[in-house]
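All of these numbers come straight from a predicted model, not from anything done at the bench.
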Amino acid sequence: MAPMLRLGVLSALLSLLAVPVVSGGIDQVRLLGPQAVNLWRLEAARTQAQAAQNLLIQQDGFANTMSLSGASEDTDGLPSQLERKYPAHWFEQPLDHFASSDGGHTFQQRYWINTRNYRPRPNAPVIVLDGGETSGVDRLPFLDTGIVEILTRATGGVGVVLEHRYYGRSMPVNNLTTDSLRWLNNAQSAADSANFMRNVKFPGIEEDLTAPSHPWIYYGGSYAGARAAHMKILYPDIVYGAIASSGVTHASIENWEYMEIIRRAAEPKCSHHIESSIEIIDALLDVPVTRTPLKALFGLAALKHDEDFVALLESPMGGWQGKVWDPEVGSTRWEEFCDALNRPFISGDDLAVTYDRDIDLVMITEDVGVPVPVYNYARYIKDNFVSQCTSTVEDCFGTFDDAKFQETGLEQTWRLWVFQVCTEWGYFSTAPPPGHPRIVSRRLTLDYESKICKQAYLPGEHFVVPPLPNVTAVNALGDYDIAADRLAIIDGEVDPWRPVTPHSEYARDRVDTILRPFKLIPNAVHHYDEYGRRNMSEEPPEIQLIHEEMIGFVVSWLEDWEAPEGR
């Protein structure tokens, strides 16, 4: 390849780095309020730097660079193996499905299909997986070996991953201002899916597989799980069946119960270490003379606001949701955090502290000591978060400068889910009520967690973000009691999102039937059924069981399907 052409291609590839979709970043954005944006930036910068190095390190061997495996389009610009296996297709959608007059504004919605199990016949199903609040590329494993492959293999159907509007490459606007985001809501997104189901023509398939001429089974996990349930309620004529996995069908302003699930489900010693550490940290922050030495122990002495400090201490809790039964997919961050808290005192690089073995305390001043787990907590935060900061800690972890949240370029992908939180979904992760045991600081108030809504989304000419999210827009579709024939509810026993699903302790219990499955996976965290192995015998027993049950009720549903009259 000629040098100028090679550099031109490299330049084009590097331009893709401007829109990072950071692995795992969405989980932090769900959880940590304004502090999540700081962590998103740090992780995005590190990912971009690594991607640039991967591209440029082999400038003299460009063909070899292009063959790197495992890199997705959303990290270093190179297609992954799954993207090559399942090329993207596009479907034209109206920007506004409910406009009183047709302004002609449309966008291209991306989707992928798996046809290897397809057997053409009048009742061939389509299993569509909702991409939810991330790039659809992140869902391709579910098309290849996960739940879509499992169900299409059992039913001879076509598998589809449908990317959500505004996420990945299904971007309908050229900036992320408040006005440009006004079409990012539940009603427009559901209308996208309905329009797709009624009108898509799958490439390479001669048959018309549109709904309702063929049975469509709509699957989603987490936010997309709520969407799956909503689709069954909103469009029962075209959604023959739906599966809501960890579906967060109850929108709430505050969501302190997320941390409560973790506190109760974690290994008792780890939970105790976190709970006692947070109690001590809150107490020391109350005393002016110990406030700065405590923050200095964490490498955050210069961080102005205590709320920002304790919000960063909440960060390791996201590791619980990262637990997945498949070690090739799951994260071990939670176990690493617990192991770190449990270690005996090991002197670090902070010479300002000493360990008093007689009283088993790490002395942060001449008169003030903290237990070893608090010291270990501090080292973990320094090693895993503060160490990523290449500027001042206020610049890296402060959240009270409004200007930090007001960039509106397409690269600011954190603005998407946060906009949905601020307008319709809520889920601000606050401290529990006074007197309740807790593993997060009592300083995490609703005012602090929700202030990003005012900071980030200035009033537009056509849209203003409400003072608090309009959760009624979600809950009016069924809330905890959402139900319909051929709507399956599947949740995880120790999923931190369980309190806002139909398996919440606040919800009424139900009978599990073939027509209305209601299943709780033992010891499972977040949408565990979505993951799968090509050989199901390699899965843990509880995952094999739920997959067999899902195959059973979907096959049963399809046996009852009848083509609509006149079709």
Side-chain angles (χ1 to χ4, degrees), residues 123 125-132 142 147-148 150-152 154-155 157 159-160 162 186-187 189-194 196-198 211-212 214-251 473-492 495 497-498 500-504 506-521 524 526-530 546-562 564:
N123 62 344
V126 179
I127 313 294
V128 58
L129 183 141
D130 189 304
F142 306 134
I147 192 59
V148 179
I150 290 169
L151 293 180
T152 56
T155 63
V160 181
L162 181 62
N186 293 341
S189 304
D192 282 342
S193 296
F196 178 84
M197 294 169 66
R198 289 188 179 114
H214 279 257
W216 283 61
I217 307 296
Y218 202 105
Y219 179 97
S222 191
Y223 159 66
R227 280 176 44 75
H230 294 163
M231 288 297 296
K232 183 59 181 167
I233 300 302
L234 290 169
Y235 298 99
D237 57 321
I238 60 172
V239 178
Y240 182 68
I243 303 171
S245 177
S246 296
V248 289
T249 58
H250 172 75
V474 176
N475 294 335
L477 297 175
D479 207 318
Y480 288 127
D481 295 325
I482 194 167
D485 288 349
R486 297 184 304 279
L487 169 57
I489 303 294
I490 300 176
D491 293 303
D495 184 351
W497 290 100
R498 180 180 170 183
V500 291
T501 75
H503 272 100
S504 170
Y506 302 134
R508 293 180 295 181
D509 198 13
R510 311 187 194 187
V511 176
D512 175 27
T513 67
I514 290 291
L515 195 58
R516 296 188 174 194
F518 189 68
K519 299 182 181 297
L520 191 67
I521 308 173
H526 206 44
H527 51 83
Y528 264 27
D529 60 290
E530 197 161 6
I546 191 63
H547 284 159
E548 290 168 358
E549 291 178 330
M550 293 171 76
I551 290 170
F553 65 67
V554 168
V555 168
S556 177
W557 293 352
L558 293 175
E559 288 174 351
D560 295 335
W561 184 80
E562 295 180 358

Chemist: Can you name the residues that form a side chain to side chain contact (heavy atoms under 4.5 Å, CB included) with A229, not counting sequence neighbours?
Modeler: A244, T249, I482, L487
Chemist: Does anything in residues 475-490 pair up under side-chain hydrogen bond (donor to acceptor under 3.5 Å, both in side chains), and if so which pairs, sequence neighbours excluded?
Modeler: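 Residue pairs passing side-chain hydrogen bond (donor to acceptor under 3.5 Å, both in side chains), neighbours aside: H250-D479, D481-R508, D485-R516.
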Chemist: Determine the minimum heavy-atom distance between V239 and K232, stating which atoms define it.
Modeler: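 Smallest heavy-atom distance, with atoms named: O-NZ, 2.9 Å.
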Chemist: With sequence neighbours excluded, tell me which residues meet side chain to side chain donor-acceptor pair (under 3.5 Å) with Y218.
Modeler: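 Per chain and number, Y218 pairs via side chain to side chain donor-acceptor pair (under 3.5 Å) with D130, S193, R227.
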Chemist: List the residues meeting side chain to side chain contact (heavy atoms under 4.5 Å, CB included) with S246, not counting sequence neighbours, and say none if there are none.
Modeler: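 With neighbours one apart ignored, the set is D491, D495, H526, H527.
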Chemist: Look at the side chain of T501 and the backbone N and O of R498, then say whether any donor-acceptor pair between them is shorter than 3.5 Å.
Modeler: yes
Chemist: Report the residues that fulfil salt bridge (charged side-chain N to carboxylate O under 4.0 Å, His left out) with D529, sequence neighbours left out, ordered by chain and then residue number.
Modeler: none
Chemist: Could you tell me whether a side-chain N or O of Y240 sits under 3.5 Å from a main-chain N or O of W561, the two making a donor and an acceptor?
Modeler: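 Checked: pair present.
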Chemist: Once salt bridge (charged side-chain N to carboxylate O under 4.0 Å, His left out) is applied, what residue pairs with a partner in residues 240-249 remain, sequence neighbours excluded?
Modeler: none
Chemist: How many angstroms lie between CE in M197 and CG in L162, if you round to the nearest 0.5 Å?
Modeler: 9.5 Å
Chemist: Over all heavy atoms of both residues, which pair between A190 and Y235 is shortest? Give the atoms and the distance, please.
Modeler: O-CE1, 3.7 Å
Chemist: Can you name the residues that form a salt bridge (charged side-chain N to carboxylate O under 4.0 Å, His left out) with R198, not counting sequence neighbours?
Modeler: D237
Chemist: For the atom pair CD1 (I150) and CD1 (I546), what is the distance rounded to the nearest 0.5 Å?
Modeler: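 Spacing of CD1 (I150) from CD1 (I546) equals 11.0 Å.
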Chemist: Can you name the residues that form a side chain to side chain donor-acceptor pair (under 3.5 Å) with D512, not counting sequence neighbours?
Modeler: K519
Chemist: What distance separates W216 CH2 from M231 CE, expressed to the nearest 0.5 Å?
Modeler: 10.0 Å
Chemist: Who passes ring-ring contact (aromatic ring centres under 6.0 Å, His included) against H503, sequence neighbours left out?
Modeler: F518
Chemist: With sequence neighbours left out, write down each residue that passes side chain to side chain donor-acceptor pair (under 3.5 Å) with T152, or none if nothing qualifies.
Modeler: N117
Chemist: What distance do I238 atom CD1 and H214 atom NE2 have between them, rounded to the nearest 0.5 Å?
Modeler: 14.5 Å
Chemist: Of all heavy-atom pairs between I521 and Y528, which one has the smallest distance, and what is that distance?
Modeler: CD1-CB, 4.3 Å
